[in-house]
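Since the structure is predicted, the reported quantities are computational estimates derived from the model, not experimental observations. These values consider heavy atoms only, across backbone and side chains, with no hydrogens, waters or symmetry-generated copies. Positions are given from 1 along the sequence.
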Amino acid sequence: LFFGLPAGISAAALEKLLASGVDVVALVVGARSVPHLLPVSSDPWAWLSPHVPDGLSLIDVGGTADTLGVAWAAGLPVMAVRNFNHLETLAALAGLAADVAVVSCFTERLPAAVLSVPKYGFLNIHPSLLPAYRGPVPVFRQLRDGAETGVTVHYMDEGLDTGDIAAQTAVPLPDGISQAEAERRLMLAGADLLRDVLADLARGTARRWPQPPGGSYHSY
């Protein structure tokens, strides 16, 4: 399962995983990020249908700025969730029978009940060298501080970017790089790490280790 935003840097990560042959069963987005695509309803979740304005065709729907388009172009179902704690949501996620879930720039905190659905849990791409720069805007903070930059793939727990590390690498960035380009480079490096972790999981050779003590957290 791939959890991400409906547009932006999540698209590049999904596109890269699909191109490398990872078997993605569905894209999951938060309903609050796609209110214009949802019917008025109190249902805890819904499938999204491919959508374009009237009179337009699905040309270039897989553009890297559009995660929904990447998913639909690959024939993936897209699930929008209003309530992650609802029993119907948990049943629907379990019914997809995914071995593992991966997260790229997901802005909603996932409850323990969701994190326990896949057999191998959740893996998140975090664009910093954890435990440094936990939190929602690590790239901005690293650029502001002139810090060493990198990316970590970690298992998710109920904390904020506190789970065991699965893979990590430094990613030097050139002087003068924009935040958007920095985020893109770090996320693509993270997608490469994630692909290798998923391959190790399939072989039964995946490693994980606790984050060292210390670190830092930065809010918005």
- Task: Could you walk me through whether Ile177 and Arg185 pass the side chain to side chain contact (heavy atoms under 4.5 Å, CB included) test, one step at a time?
- Result: CA-CA 10 Å; Ile177 192 171; Arg185 292 194 190 189; 3.8 Å; yes

- Test log, rule side chain to side chain contact (heavy atoms under 4.5 Å, CB included), inputs Leu93 and Val28: CA-CA 9 Å; Leu93 291 171; Val28 180; 4.2 Å; yes

- Decide yes or no on side chain to side chain contact (heavy atoms under 4.5 Å, CB included) for Asp200 and Arg207, but give the supporting numbers first. CA-CA 8 Å; Asp200 288 343; Arg207 299 171 57 239; over 6 Å; no

- May I have the step-by-step check of side chain to side chain contact (heavy atoms under 4.5 Å, CB included) for Thr149 and Gln142, ending in yes or no? CA-CA 7 Å; Thr149 50; Gln142 290 167 95; 3.8 Å; yes

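Around OH of Tyr120, the count of heavy atoms belonging to other residues, nucleotides or ligands within 6.0 Å does not exceed 12. Counting heavy atoms of neighbouring residues, nucleotides and ligands inside a 6.0 Å radius, atom CD of Glu158 does not exceed 12 of them. Heavy atoms of other residues, nucleotides or ligands lying less than 6.0 angstrom from CZ of Arg144 number more than 12.
Counting only heavy atoms from C-beta outward, the side chains of Leu68 and Leu37 approach each other to under 4.5 Å. For the pair Leu48 and Leu38, the minimum side-chain heavy-atom distance is below 4.5 Å. Side chains of Val81 and Val114 form no contact here, defined as non-hydrogen atoms less than 4.5 Å apart. With a 4.5 Å cut-off on side-chain heavy atoms, Val151 and Val153 do not count as touching. Contact of the Asp145 side chain with the Tyr133 side chain is registered, since non-hydrogen atoms from C-beta on lie closer than 4.5 Å. Using a 4.5 Å heavy-atom threshold, the side chains of Leu1 and Val117 count as separate. The closest side-chain heavy-atom distance from Asp192 to Thr169 is not below 4.5 Å. The shortest distance between side-chain heavy atoms of His126 and Pro138 falls below 4.5 Å.
The two residues Arg82 and Pro39 come nearest to each other via the heavy atoms NH2-O, 3.0 Å. Closest non-hydrogen pair, Met187 versus Cys105, comes out as CE-SG, 3.6 Å. What you find for Thr89 and Pro44 is that their closest heavy atoms are OG1-CB, 3.4 Å. Across all non-hydrogen atoms, the minimal contact from Ala13 to Ile125 is CB-CD1, 4.5 Å. Among all heavy-atom pairs drawn from Val29 and Gly4, the shortest one is CG1-O, 3.4 Å. What you find for Ala80 and Val34 is that their closest heavy atoms are CB-CG2, 4.0 Å.
Using modelled atom types, no side-chain atom of Ser33 and backbone atom of Leu5 make a donor-acceptor pair closer than 3.5 Å. At least one donor-acceptor pair under 3.5 Å links the side chain of Thr152 to the backbone N or O of Leu130. Ser216 places no side-chain N or O within 3.5 Å of a backbone atom of Ala132 that could act as its donor or acceptor partner. Put simply, the side chain of Gln211 gets close to the backbone of Gly163: a donor and an acceptor are under 3.5 Å apart. No donor-acceptor distance shorter than 3.5 angstrom exists from the side chain of Arg141 to the backbone of Pro136, with no hydrogens or angles considered. Under the 3.5 Å distance criterion, the side-chain polar atoms of Glu183 are left unmatched by any main-chain donor or acceptor of Pro127. Of the possible donor and acceptor atoms, none in the side chain of Asp164 sits under 3.5 Å from a partner among the backbone N and O of Tyr155.
Between Phe84 and Phe106, the ring planes lie perpendicular to each other; the angle is over 60°, past the 30° to 60° tilted range.
Once rounded to the nearest 0.5 Å, the distance linking NE2 of His154 with OG1 of Thr162 reads 7.5 Å. Distance CG/Leu18 to NZ/Lys16: 13.0 Å, rounded to 0.5 Å. Between atom OG of residue Ser10 and atom CG of residue Leu27 there is a gap of 8.5 Å, rounded to the nearest 0.5 Å. Residue Leu115 holds its CG atom at 9.5 Å from CZ of Arg109, rounded to the nearest 0.5 Å.
A single hydrophobic cluster is seen to contain both Phe3 and Val25, as judged by linkage of ILVMFWY side chains at heavy-atom distances under 4.5 Å, directly or through other members. The same ILVMFWY cluster, assembled from side-chain heavy atoms under 4.5 Å apart, contains both Trp47 and Leu90. Val171 and Leu17 fall within the same hydrophobic cluster, where Ile, Leu, Val, Met, Phe, Trp and Tyr residues are linked whenever their side-chain heavy atoms come under 4.5 Å apart, directly or through other members. Tracing side-chain contacts under 4.5 Å through hydrophobic residues (I, L, V, M, F, W, Y), one never reaches Leu173 starting from Leu188; they form parts of separate clusters. Cluster membership check: Trp45 shares its hydrophobic cluster with Leu110, using side-chain heavy-atom separations under 4.5 Å among Ile, Leu, Val, Met, Phe, Trp and Tyr.
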